[in-house]
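As structure tokens, the structure follows; a few thoughts come after it.
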Amino acid sequence: QVQLVESGGGLVQAGGSPRLSCAASGRTFSSWNMGWFRQAPGKDRDFVAAIEWSGGTEYADSVKGRFAISRDNAKNTVYLQMNSLKPEDTAVYYCAQDRLPFGRTVRRAAADFGSWGQGTQVTVSS
């Protein structure tokens with residue numbers, strides 16, 4: 001199994017541009033699709049972005065054009081660069097790994113991801 005640890009969250013001014021990191025250890029990282037999800041108070045856990053093992057990406061409409069997901073296989077790390085943050089971006093952000101290696105498509109459903117980090121809080125002040 002893989003272990004995932006998120007970092008980079010905190011209190012951010014509206015319009016800020018923090019970068020979240022997710023460090024993976026355990027099974028081979030480079031062969032798995034990776035995703036970011038977020039959960040606001042009283043809300044469901046929602047898809048944010050995902051990246052294929054081969055580099056293809058997909059984004060939720062709410063963050064398209066503002067957020068960018070990337071990965072560095074040499075560091076076993078996936079990133080979420082967040083730009084132009086809004087108060088409605090406030091949530092706990094979770095890193096996740098797909099259940100199977102060498103995924104042929106980028107998936108959005110939380111049930112398709114079998115390993116999760118503990119989450120990192122991002123709070124955007126207005």
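- No side-chain heavy atom of Q81 sits under 4.5 Å from any side-chain heavy atom of S70.
- In summary, the aromatic rings of F113 and F37 are positioned with their centroids under 6.0 Å apart.
- The two atoms that bring M34 and C95 nearest to each other are CE-SG, 3.7 Å, heavy atoms only.
- Counting only heavy atoms from C-beta outward, the side chains of Y79 and I69 never approach each other to under 4.5 Å.
- The two residues A68 and Y59 make their nearest non-hydrogen contact at CA-OH, 3.3 Å.
- Using a 4.5 Å heavy-atom cutoff, the side chains of W32 and V2 are not in contact.
- Contact detail for A110 and R45: the closest heavy-atom pair is CB-NH2, 3.6 Å.
- For the atom pair CZ (F47) and CZ (R107), the distance works out to 12.0 Å, reported to the nearest 0.5 Å.
- When side chains are defined from C-beta on, L80 counts as touching V48, because their heavy atoms get closer than 4.5 Å.
- Applying the 6.0 Å contact sphere to CD of Q13 captures no more than 12 heavy atoms from other residues, nucleotides or ligands.
- Distance check: S31 OG to N73 CG gives 8.5 Å after rounding to the nearest 0.5 Å.
- For V5 against Q118, the heavy-atom pair with the smallest separation is CA-OE1, 3.7 Å.
- Counting heavy atoms from C-beta outward, M82 and V122 have side chains that approach closer than 4.5 Å.
- Interatomic distance, CD of Q3 versus OG of S115, reported as 8.0 Å (0.5 Å rounding).
- Contact between A91 and A40 at its shortest, heavy atoms only, is CB-N, 3.8 Å.
- In this structure, OG1 in T105 is found 8.0 Å from CG in D98, a value given to the nearest 0.5 Å.
- Looking at T90, its side chain does come within 3.5 Å of a backbone N or O of V124 through a donor-acceptor pair.
- The existence of a salt bridge linking K64 and D61 is confirmed by a sub-4.0 Å separation between a basic side-chain nitrogen and an acidic carboxylate oxygen.
- Expressed to the nearest 0.5 Å, how far CZ of R99 lies from CG of D112 amounts to 7.5 Å.
- With a 4.5 Å cut-off on side-chain heavy atoms, L4 and W116 do not count as touching.
- You'll find the side chain of F102 stays beyond 4.5 Å of the side chain of S54, heavy atoms only.
- Placement of Y93 and I51 within a single hydrophobic cluster is found when ILVMFWY residues are connected by side-chain heavy-atom separations under 4.5 Å, directly or transitively.
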Fill in: Stepwise side-chain contact (heavy atoms from CB on, under 4.5 Å) test for L20 and T120
CA-CA 8 Å; L20 305 184; T120 184; 4.2 Å; yes

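- When all heavy atoms are compared, the tightest approach of S84 to S17 is N-OG, 4.1 Å.
- Note on W36: it clusters hydrophobically with F67, by side-chain heavy-atom contacts below 4.5 Å among ILVMFWY residues.
- Counting only heavy atoms from C-beta outward, the side chains of R38 and K43 never approach each other to under 4.5 Å.
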Fill in: Stepwise side-chain contact (heavy atoms from CB on, under 4.5 Å) test for Q97 and F29
CA-CA 9 Å; Q97 188 177 80; F29 168 80; 4.3 Å; yes

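- Atom CG in N33 sits 11.0 Å away from atom CD in E58 (nearest 0.5 Å).
- A cation-pi arrangement is absent between R71 and W53 under the rule of less than 6.0 angstrom and at most 45 degrees off the ring axis.
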Fill in: Worked check of side-chain contact (heavy atoms from CB on, under 4.5 Å) between Q39 and Y94
CA-CA 8 Å; Q39 187 167 17; Y94 297 92; 4.2 Å; yes

